[in-house]
Structure formats: C-alpha cells, structure tokens
Number of protein chains: 2
Amino acid sequence: MERSTRQRSAIRSAIERAQRPLSPLEVLAAAQAEVPALGLATVYRNLKLLVDAQEVAPVTLPGDSPRYEAAHLKHHHHFQCTACERVYDVHQCPGNLARMAPPGFTVERHELTLYGRCATCLETA
Amino acid sequence: MERSTRQRSAIRSAIERAQRPLSPLEVLAAAQAEVPALGLATVYRNLKLLVDAQEVAPVTLPGDSPRYEAAHLKHHHHFQCTACERVYDVHQCPGNLARMAPPGFTVERHELTLYGRCATCLETA
DNA sequence: ATAGATGCAAAGAGTTTGCATAGGT
DNA sequence: ACCTATGCAAACTCTTTGCATCTAT
C-alpha cells in the first residue's frame, strides 16, 4: 500500500463514515458515489490491505461472510436483523464470560451476536 | 421428506455418530462409507430437510461456513481453542441479552463464541 | 520512467438447481 | 404406477487472480 489513490481514499472514507460494518458490496456502492468506475476486485484488494495495515477490522458473523468496519472502535458486539440482514454495533457487553468456560480453560476473547428485528424493519411491518 | 432412503439414513446416522459438528463435505465422506455413490447435492438437500425437520441443527461459528450436529442438544454455546482449533460445548449462558440491543430493536436469539486455550493445550504447554 | 494500482474478465470454491431416471410407497 | 428423491452437470454467488493499462511517485 504505497500509493494514495482516489479509489483507496473512497473506500477508506466509506468505511469511516458508515455507522455499521459494511459488506464488500456495500463498500463498493458507498465508494462509487465518489469514484463511479470503481470495481469490486479493487474493493477486495484494498480491504485486504487495509485490514493488514490495521486501519480496518473484519467483522465475522456466524455463518456469514465478513463485513468491515473502522479499526479504532473499542470492544463491542453486533446485532443482525433477521429481516434486512444489516448489521449494527452493540456497545454493551455482558462481561465476565471467563467463568462460563469449562474448568481448566482460559478465555482470551469472545464474540457475541444478537439476532432479531431492527427498528426500521419493525416500523415498516 | 416423505420417503425413507438409504442415502437419508446414511446422512442421518453419520451426523448422529459424530462427536462433533460436521461440514457438508465431512458428512459426505462419512455417509459414503455406507452409500458410496452418494452425491454432494443430495447431502445439501438432506441437510436442509433435516434442519427444517429439526432433527439436525446448524452450528455457525464466526467466519466459518455452517457445520451440522444432532438437534437434540439444548441451548448451548461454543468454545474454540486458539491452539488446537477444537470446538467444545459450553452449557452456561449469560442470559438477559435482550436489553443490550439498541432501543426499538427486538432480540430473538443470540450466538456466543468463547476463544482461548483448552485444558489439554494448557497442560501440554 | 518505473512499478504499484486499477478495471475487466476469467477462474476458483462452495452451494443450489434443472432434468432425466431410479426406487420407495 | 406414481411421484419423491437421487446423481450428474450446469448455474449461481462470492472471492481471487491474470493481464493489459493507467497513474502516483
């Protein structure tokens, strides 16, 4: 990642602006507002570079392909709407999960995903 | 799912026998011991039917495609060892997670995965 | 001028579907 | 005999890669 290109800036700022993790296609759509000719392969290549550079963090939800968000956010979890499939950040954390592990195990980190309906989908229904 | 076929029995019993969740390819390999000509498409079709019939439950770990296990196990979570990658069941649950969702959202279910070192790997180290 | 970055299209990997046929009832 | 379930292959989706071209340095 040696050069500063219009495409890379557009991808970076699309992720920065988003209030939630974006899928590669969502990144493409958002960044094309700035660079219409942007290709999906470029999005994938830059996501990989930005993750390696720790500017962007991959969000891996159970059974779903990765989404991407800014890496500077502190510890949080995710909520996925079962209707529209969008993913939202959840800033609370149940904490103290270490004691849930079987005896003799140590817990380093955890992932929690809530599933349900988001406010938008509940209003529409 | 109206008929009882050799293929379906082989798939069902492969999952019943396994001590861990199996990927579609692992199901295929295990069931081909019984029905060598079994095709992967039949595995996918039957996994879908068995999940719908609640005989089999999909196990979705973050960043991994679904695996399948017998459905008779009750609500539980998973612990994945970061050293040996094995997955263990965790029978406790933090509960009361609904209040973590943003206002106006409803929570239907949740998935929790703990990551750390299992007792076996800690002893070896 | 050089070589990294891009866009397109083709190639892979995993999953689903169309269709003719086998086989459970 | 009927019609579900199967096997094969093609189609589909998502992601990666090859290659010619563009462009930041």
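Within every chain, numbering begins at 1; the chains are lettered A, B, ... in the order of the sequence lines, protein sequences first and strands thereafter. Only this structure's heavy atoms are used, side chains among them; waters, hydrogens and symmetry mates stay out.
- The separation between Y44(B) atom OH and dA10(D) atom P is 19 Å, rounded to whole Å.
- By the 4.0 Å N-to-carboxylate-O rule, E55(A) lies close enough to R12(A) to be salt-bridged with it.
- Note: CZ (R67(A)) to P (dC14(D)) measures 11 Å, nearest angstrom.
- Remark: C1' of dT4(D) and CZ of R45(B) are 11 Å apart, rounded to the nearest angstrom.
- Between the side chains of E69(A) and H76(A), at least one donor N or O sits under 3.5 Å from an acceptor N or O.
- Rounding to whole angstrom units, CG of residue D64(A) and C1' of dC14(D) are separated by 12 Å.
- Which of dG4(C), dG23(C), dG7(C) sits closest to the side chain of R3(A) comes down to dG4(C).
- Residues H110(A) and H77(A) place their aromatic rings such that the two centres sit under 6.0 Å apart.
- At a threshold of 4.0 angstrom between heavy atoms, the contacts of L38(A) are confined to the sugar-phosphate backbone, with no base atom among them.
- If you check dT4(D), dT25(D), dA5(C) against the side chain of E2(A), the one that comes closest is dA5(C).
- Heavy atoms of L40(A) sit under 4.0 angstrom from at least one base atom.
- For R8(B), the listed nucleotide lying nearest its side chain is dA5(D); candidates were dA5(D), dG7(D), dT15(C).
- Atom CG of N46(B) and atom P of dT15(C) are 16 Å apart (whole Å).
- Computed from coordinates, the K48(A) NZ to dC14(D) C1' distance equals 17 Å when rounded to whole Å.
- The side-chain contact (heavy atoms from CB on, under 4.5 Å) check on S4(B) picks up S9(B), with sequence neighbours excluded.
- Taking the nucleotide of DNA chain C with the nearest heavy atom to each of L49(A) and A41(A), the more 5' of the two is matched to L49(A).
- If you take CG of L28(B) and C1' of dG14(C), they are 13 Å apart, rounded to a whole angstrom.
- At dT23(D), none of the side-chain N or O atoms of Q7(A) fall inside 4.0 Å of OP1 or OP2 (strictly under the cut-off).
- Distance L47(B) CG to dG14(C) P: 16 Å, rounded to the nearest Å.
- Salt-bridge formation is detected for the pair R20(A)/E26(A): a Lys NZ or Arg NE/NH1/NH2 atom is positioned less than 4.0 Å from an Asp or Glu carboxylate oxygen.
- Distances shorter than 4.0 Å separate none of the side-chain N or O atoms of T5(B) from OP1 or OP2 on dA5(D).
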